[in-house]
Structures are given as structure tokens and as C-alpha cells.
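Notes to accompany the following structure.
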Amino acid sequence: MQSEGKIVVASQHYPPDTSTTAAIMAEIACHLAAGHEVVVLSGSPGPLPAALTGSGKPRVIAIKNRMAGKAALVRRGASELLFATRTFFALIRELRRGDVVLTVTAPFMLPYAVAAAAWLKGARSALIMHDLFPDVLVMAGLLKPGSIGMKMMRAANSLMFRALNAVITIGRDAERPLLSYSGMTRNKIRFIPNWATIAPGPRPLTSDNPFRTALSARFVVGLSGNLGFTHDPEIVFEAARILKGEPDIHFLLSGWGIGFERLKQLQATANLPNVSFVARVEDSELEAFLAAANLWVIPYRKDVAGVSVPSRFYNLLAVGRPVVLVSEPEAEAALTVVENRLGWVVTPGRPDQLAEAIRIASRAIDGAMAERAVKAAARFDRKTAMNAYVALIDELLRNRGIVEQR
């Protein structure tokens with residue numbers, strides 16, 4: 001039996017988009033649709049996969065959207081503003097008093113539009129916080145601390161957090177920076193970590209793995225996924241440069257984003273013999289690719305704690321691989337690595353430390369670490385996360401008093 005009030009999911013990324021955010025939002029929307037009417041406002045055009053259509057699935061409304069590349073900052077900002085504006089008017093048409101709208105911080109202007117529309121229509125709103133703006137922009141060097149732009153965005157955030165009914169964090173480290181905003185209270189924060197999209201289980205290292213066959217090195221270091229403004233591609237390349245005289249160690253790189261473009265530029269100049277690039281790996285090949293490396297690197301810039309959490313982290317654990325995380329020790333992924341003894345945490349900006357951690361990993365034979373990684377991934381499972389989302393949405397649907405109190 002469906003509860004009173006419907007759920008609207010607003011996301012720029014949704015299938016047929018193949019990003020991690022799209023997969024996460026589709027999982028949540030489809031699970032909620034089992035017990036509620038769910039409408040998705042999607043910024044990803046194209047036909048949906050068959051598994052996401054039919055009875056008991058969300059109704060998807062496409063919002064016209066055209067995104068520029070991350071390097072084209074002015075055009076990208078204009079496109080994001082236009083998408084957020086179109087989503088705002090779509091929400092004004094769709095929302096009714098008592099509905100719940102769920103959104104995510106991509107693009108960063110979207111939550112402002114969602115919170116405003118929900119407030120105007122007497123609906124409740126929840127935000128899944130993958131990245132905290134403007135802190136991400138400061139971390140990436142695009143905004144200066146204390147600048148007018150920073151102050152304006154923080155003021156806008158205070159208003160937004162006051163209007164939102166719930167903020168879902170995927171890292172424990174997010175609570176402290178969130179509570180620095182006057183509009184945020186601890187009772188609004190819910191910690192629901194993301195999950196591994198690959199079934200947890202140890203994958204053996206095999207010589208016939210298609211991504212290893214062309215490599216003669218015994219020990220393969222992997223880097224995968226979207227490298228955005230919060231990541232530091234140069235620390236990985238400099239670590240490879242330090243280790244170029246050790247033929248047993250090879251770097252296998254595959255992904256997209258501005259960080260990977262930078263890596264390709266660096267390699268075009270240096271032509272390191274221990275670095276190889278692979279085209280973006282399709283979902284059907286992801287498991288084999290993740291199983292190809294002995295060790296995975298996640299390279300963040302400094303001040304990542306509370307600002308961003310790597311979604312790919314859980315899949316790396318799911319295949320039973322240790323990780324080297326470049327971040328502050330109080331960051332969510334770093335806490336998980338240390339608490340469960342899953343690898344190494346390296347100081348941002350120190351390629352020498354990264355190279356040394358890789359060197360140590362290449363000499364260690366620790367099957368127990370692989371078992372611990374799989375065990376840790378199993379705790380970050382889809383069922384636990386979906387149950388938490390259902391509980392939160394049901395609470396918001398029932399608790400009409402929240403709307404009138406705010």
C-alpha cells in the first residue's frame with residue numbers, strides 16, 4: 001500500500017547516464033517506487049534500460065540539459081544554472097503539499113532550486129551530500145577562503161540548510177563542517193554511506209586478465225574513475241616518476257575528467273615506461289578491470305575531510321584489493337582504511353610518501369588484507385542503505401509538522 005504523498009527525485013545524473021551518481025540515484029528511486037509513487041526529474045536524455053521501466057518503476061520526466069566539459073568553467077556554470085532553473089519550474093508543477101523531494105549535490109546549484117521549490121509548495125526536502133560547496137571550490141583552488149564569492153555561497157547555504165528537512169551524509173567527517181552553518185542542526189543530519197555495486201568477494205590475480213596481458217610488471221597500481229577538481233593527478237604521476245627505475249611496478253590508469261586530461265599531458269611530455277592508459281572501462285568490464293591491479297590509489301588534494309567521499313572506494317574493497325588513499329587522516333575513507341587495516345593513508349602533496357607506500361605494498365604479501373577489504377565492503381551493502389532511505393522518506397512523509405515549523 002502506497003503512503004500519502006509522492007516522492008520526487010531530482011538529479012542531473014540518471015540512467016542512461018553511466019556515472020556512479022546515476023547508478024546510485026536509480027537504485028534509490030526504484031527501491032522507493034516499490035512502496036510509493038516516485039517521479040524522477042532527470043537531466044540525462046535517452047532511452048532508459050529495460051530494467052528501469054514498467055509497472056512499479058519511477059515515472060521519469062526528462063529535463064532539457066546540455067553540459068559543457070569541466071574545463072569550460074563559464075559555459076559549464078551557465079549550463080548548470082539553466083538546468084537548476086528548469087528543474088525549479090518542473091518542481092513547481094509537480095510538487096504538492098505533503099510530497100517529498102530528494103536531490104543530490106550535482107550540479108551544486110541544484111539543491112538551492114530544490115529547497116526553494118519545496119518550501120514554496122509546502123513539501124519536504126532532503127539532500128544527499130556527495131560534495132560540500134563552496135568548500136570543494138576552495139579545495140580545488142577556484143575560490144579563495146574569505147573571498148566575496150565564498151561568503152555569498154556560505155550565506156546561501158545557511159538559507160538552504162534552514163529550508164531542508166534532512167541532509168544525508170555519506171561520510172562521518174561531514175558533520176563538523178555542516179554544523180558550522182547557522183541553518184543546520186544535528187537532528188537533520190543522517191549518515192547513510194554509499195555501497196559497493198559489485199558483489200563483495202575476493203578476485204584472484206590472474207595472468208590472463210585482459211587488462212594485465214600486455215604488462216610485464218609483477219605489481220600493478222591502478223587509478224580509475226572520474227578525476228575532478230578535488231583530485232590531485234600530479235601526485236600519482238610524480239610517484240610513477242620516482243618509481244620508474246623499478247620495473248616490477250607499473251601504473252595502469254583509466255578514467256575521465258579534467259584530472260585524466262592532465263595525466264595524459266604529463267605522460268605526453270615525460271613518456272614514462274611504467275605508465276599505461278586504458279580507455280574508459282564500460283560497466284560490463286569494470287569487475288575485470290578492478291581485479292587487474294594489485295593496489296588502487298585514490299588521490300585527493302589537501303583539506304578533503306568533510307568535503308568529498310570517493311564512491312569508487314567501496315568497489316575497490318569489494319574485489320579484495322588494498323588501497324592507498326591520499327587525504328587527511330580524519331576523512332571518511334581514511335578512517336575506514338585505518339580502522340579496518342585496508343591499506344595506507346598518505347599526506348596530500350607528498351609524492352615521495354605515495355611512492356614509498358606503493359613500494360612497501362609491492363613487497364608485502366598479505367592475504368588477510370584482501371579478506372579484510374571484502375569483509376569491510378560487505379558492511380557497506382545496498383540493502384542496509386536502501387532500508388535507511390526508506391525509513392527516512394517514510395518519516396518525512398508522515399511528519400507534516402516539520403513543514404509548518406520551518
Side-chain angles (χ1 to χ4, degrees), residues 202-207 209 211-225 227 231-255 259-260 262-264 266-267 269-278 289-302 304 310 312-313 316-317 319-329 331 333-374 376:
R203 273 68 167 186
L205 285 162
T206 58
S207 58
N209 185 297
F211 296 100
R212 284 185 73 108
T213 52
L215 307 177
S216 59
R218 175 186 58 83
F219 192 84
V220 176
V221 181
L223 177 66
S224 175
L227 290 188
H231 299 97
D232 181 8
E234 297 196 17
I235 193 173
V236 178
F237 196 83
E238 290 307 313
R241 194 193 302 273
I242 292 169
L243 296 169
K244 69 178 180 179
E246 303 187 29
D248 267 0
I249 301 174
H250 196 92
F251 288 73
L252 184 64
L253 316 178
S254 175
F260 264 95
R262 178 58 180 157
L263 283 170
K264 290 175 182 178
L266 291 168
Q267 178 64 350
T269 300
N271 194 27
L272 297 182
N274 59 337
V275 172
S276 297
F277 286 89
V278 175
F289 180 65
L290 297 184
N294 300 73
L295 176 76
W296 286 94
V297 178
I298 302 176
Y300 270 113
R301 300 184 186 278
K302 65 178 182 178
V304 67
R312 77 199 77 169
F313 176 58
L316 304 182
L317 301 182
V319 298
R321 296 297 185 266
V323 297
V324 177
L325 187 75
V326 180
S327 82
E328 285 79 17
L335 291 171
T336 303
V337 167
V338 173
E339 290 167 355
N340 297 278
R341 294 176 294 147
L342 305 177
W344 296 262
V345 178
V346 170
T347 304
R350 291 293 302 274
D352 57 325
Q353 287 188 10
L354 177 57
E356 182 59 22
I358 292 169
R359 188 180 288 117
I360 292 170
S362 72
R363 296 170 181 169
I365 301 175
D366 188 359
M369 188 177 289
E371 293 176 5
R372 291 195 296 270
V374 171

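Side-chain atoms are counted along with the backbone in the values below, which use heavy atoms only and exclude waters and symmetry mates.
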Could you grab the distance from atom CG of Leu252 to atom CZ of Phe289, nearest 0.5 Å is fine? 4.5 Å
Side-chain contact test, heavy atoms from C-beta onward, threshold under 4.5 Å: evaluate it for Arg341 versus Met369 and give yes or no. no
Name of the residue among Leu272, Leu223, Val220, Ile358 meeting side-chain contact (heavy atoms from CB on, under 4.5 Å) with Phe251: Ile358
Does Arg203 offer a backbone N or O that forms a donor-acceptor pair with the side chain of Arg321 under 3.5 Å? yes
Just how far is it from atom CZ of Arg350 to atom NZ of Lys302, taken to the nearest 0.5 Å? 13.5 Å
Decide side chain to side chain contact (heavy atoms under 4.5 Å, CB included) for Leu215 and Ser276; before the verdict, give the C-alpha distance in whole Å, the side-chain angles of both, and the deciding distance to 0.1 Å. CA-CA 9 Å; Leu215 307 177; Ser276 297; 3.8 Å; yes
In terms of ring plane angle, is the pair Tyr300 and His231 parallel, tilted or perpendicular, where the classes change at 30° and 60°? parallel
Closest non-hydrogen atom pair, Thr336 against Leu342: O-CD1, 3.7 Å
Pick one: which of Leu295, Ile360, Ile298, Val236 meets side-chain contact (heavy atoms from CB on, under 4.5 Å) with Val324? Leu295
Any idea which heavy atoms bring Pro299 and Val326 closest together, and the distance? CA-CB, 3.7 Å
Would you mind reporting whether Pro348 and Asp232 have side-chain heavy atoms less than 4.5 Å apart? no
Side-chain donor or acceptor of Asn274 paired with backbone N/O of Ala240 under 3.5 Å: yes
Give the minimum heavy-atom separation between Pro351 and Gly349, together with the two atoms involved. CD-O, 3.2 Å
So, using side-chain contact (heavy atoms from CB on, under 4.5 Å) as the criterion, who are the partners of Glu371 when residues are at least two apart? none
Which atom of Gly259 lies closest to which atom of Pro233, heavy atoms considered: O-CB, 3.4 Å
Flag the pair Asn294 / Arg212 as yes when at least one side-chain heavy-atom distance between them is below 4.5 Å, and no otherwise. yes
When every non-hydrogen atom of Ala291 is compared with those of Asn209, the smallest separation belongs to C-ND2, 3.9 Å
For Gln267 and Val275, work out which heavy atoms get closest and say how close. NE2-O, 3.7 Å
What distance separates Arg262 CZ from Phe237 CZ, expressed to the nearest 0.5 Å? 9.0 Å
Please examine the side chains of Leu243 and Arg359, heavy atoms only from C-beta on, and report whether any two atoms are closer than 4.5 Å. yes
Would you call Arg372 and Asn340 a side-chain contact if the rule is heavy atoms closer than 4.5 Å? no
Could you check whether atom CZ of Arg218 has more than 12 heavy atoms from other residues, nucleotides or ligands sitting under 6.0 Å from it? yes
Under 3.5 Å: donor-acceptor pair, side chain of Glu328, backbone of Val304: yes
